[in-house]
Amino acid sequence: MVVLVATIGFDEKFVIRAILRNLKELEKIYLVTARPIEEKVAKAIDQVKQFVNVALLAPGFKVIVEVVDVEIEDFPGAVSQIRKKCFSEPDNYVVSLGGGMRAVVLATLAAFLVSGARGEIEVELENFRGVIKFKPELFKITSLGDYEKSVISSLTKHGRATYKELLEDTGLSRATLFRVLKSLKLKGLIEVHRENKTSYYTLTDVGRIYT
């Protein structure tokens with residue numbers, strides 16, 4: 001099951017589309033906004049609740065909608081409140097950051113990252129041409145040594161590579177390359193794919209940031 005945490009402003013369409021994307025697994029929705037709630041925001045919230053009430057008519061669909069309004073001028077306090085209210089349970093989260101004040105979006109993102117909760121972040125493009133989805137691990141900052149940079153550079157150049165190809169391309173010893181690959185996997189920067197009996201190393205989405 002999924003808990004949707006969505007920022008909301010004057011327009012409810014981003015939230016409604018997020019609900020539709022996760023409808024089959026959805027069990028709870030948190031709508032995060034700034035306090036005091038402006039009239040246009042209140043109307044958008046009502047539209048979301050009406051949409052959910054219609055969806056509740058579908059057999060087996062049951063979901064709770066809760067509004068979380070924060071004093072965004074107290075940014076640390078807002079982050080703390082969102083974390084405690086929205087991310088305190090061991091659930092799988094979808095954090096939708098399509099609408100609302102930029103400060104509320106940042107506070108919600110910060111709360112999710114600080115909480116260490118499981119799930120993914122999604123942002124719908126303003127031109128409605130798609131949705132960007134990514135894991136919170138994307139924001140983990142890690143330093144790289146020269147050998148690790150060499151492997152990252154090789155995988156950037158080739159797209160994917162076998163252990164033997166990496167040995168040849170980087171010039172590292174077997175022992176050093178083994179240690180470097182282990183480190184990069186632990187940091188979530190590379191992954192291994194098997195095709196037939198051959199293993200290929202590729203960069204993860206997080207790893208691509210370091211290219």
Side-chain angles (χ1 to χ4, degrees), residues 1-139 205:
M1 301 301 287
V2 168
V3 174
L4 174 65
V5 180
T7 55
I8 189 168
F10 295 161
D11 196 336
E12 72 281 354
K13 62 177 179 288
F14 293 107
V15 177
I16 288 177
R17 280 196 285 271
I19 293 171
L20 289 172
R21 286 193 295 271
N22 300 279
L23 194 59
K24 292 183 179 179
E25 299 179 303
L26 204 56
E27 67 174 346
K28 191 165 187 177
I29 301 169
Y30 289 106
L31 301 177
V32 186
T33 190
R35 184 189 308 150
I37 299 177
E38 296 186 29
E39 184 178 351
K40 289 182 178 179
V41 177
K43 288 181 179 178
I45 291 171
D46 286 341
Q47 288 294 320
V48 172
K49 289 180 176 179
Q50 289 177 29
F51 176 81
V52 170
N53 288 335
V54 171
L56 283 170
L57 298 176
F61 184 77
K62 183 179 180 181
V63 66
I64 300 169
V65 179
E66 189 170 337
V67 177
V68 179
D69 57 318
V70 297
E71 295 283 358
I72 197 60
E73 289 80 4
D74 175 16
F75 191 79
V79 173
S80 177
Q81 183 182 344
I82 296 168
R83 177 182 60 80
K84 292 175 183 176
K85 190 67 178 178
C86 302
F87 301 113
S88 60
E89 300 297 329
D91 294 302
N92 189 38
Y93 292 91
V94 171
V95 182
S96 180
L97 304 176
M101 292 174 59
R102 289 189 293 270
V104 173
V105 168
L106 289 174
T108 303
L109 175 59
F112 181 47
L113 297 176
V114 169
S115 73
R118 296 180 296 111
E120 68 177 6
I121 302 151
E122 62 176 37
V123 180
E124 186 171 354
L125 300 177
E126 286 85 347
N127 59 11
F128 310 122
R129 293 178 62 180
V131 179
I132 298 172
K133 296 183 179 183
F134 49 96
K135 298 291 185 180
E137 289 79 11
L138 191 69
F139 291 91
D205 286 343

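- A donor-acceptor pair under 3.5 Å is absent between the side-chain atoms of Ser80 and the main chain of Pro76, judged by distance alone.
- Shortest non-hydrogen contact noted between Val79 and Ala111 is O-CB, 3.5 Å.
- Partners of Lys43 under the salt bridge (charged side-chain N to carboxylate O under 4.0 Å, His left out) rule, at least two apart in sequence or in another chain, are Glu39.
- Residues passing the salt bridge (charged side-chain N to carboxylate O under 4.0 Å, His left out) test with Arg35 are Asp69, Glu71, sequence neighbours excluded.
- Residues Ala107 and Ala78 share a closest heavy-atom pair of CB-CB, 4.5 Å.
- Listed by first and then second residue, the ring pair (Phe, Tyr, Trp, His ring centres under 6.0 Å) pairs that reach into residues 95-127 are Phe87-Phe112, sequence neighbours excluded.
- The side-chain contact (heavy atoms from CB on, under 4.5 Å) check on Ala34 picks up Ile72, Met101, Val104, with sequence neighbours excluded.
- Residues satisfying the salt bridge (charged side-chain N to carboxylate O under 4.0 Å, His left out) test with Asp205, not counting sequence neighbours, are Arg208.
- With contacts defined as side-chain heavy-atom distances shorter than 4.5 Å, the pair Phe51/Glu12 does not qualify.
- Atom-to-atom distance recorded for Lys135:NZ and Glu120:CD is 5.0 Å, nearest 0.5 angstrom.
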Exercise answer: donor-acceptor pairs, residues 13-23 side-chain atoms, under 3.5 Å, sequence neighbours excluded:
residue	atom	partner	partner atom	Å
Lys13	NZ	Asp11	OD2	2.0
Arg17	NE	Glu124	OE1	3.2
Arg17	NE	Glu124	OE2	2.6
Arg17	NH2	Glu124	OE2	3.4
Arg21	NE	Glu122	OE2	3.3
Arg21	NH2	Glu122	OE2	2.6
Asn22	ND2	Ala18	O	2.8

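- Considering OG of Ser115 and CD of Glu89, their distance stands at 11.5 Å, rounded to 0.5 Å.
- Note that the CD1 atom of Ile8 and the CD atom of Gln47 stand 9.5 Å from one another [nearest 0.5 Å].
- When side chains are defined from C-beta on, Ile29 counts as touching Leu31, because their heavy atoms get closer than 4.5 Å.
- Among Ile121, Val70, Val95, the one residue that satisfies the side-chain contact (heavy atoms from CB on, under 4.5 Å) test with Thr108 is Val95.
- Here the side chains of Ile37 and Val67 are in contact, with some heavy-atom distance below 4.5 Å.
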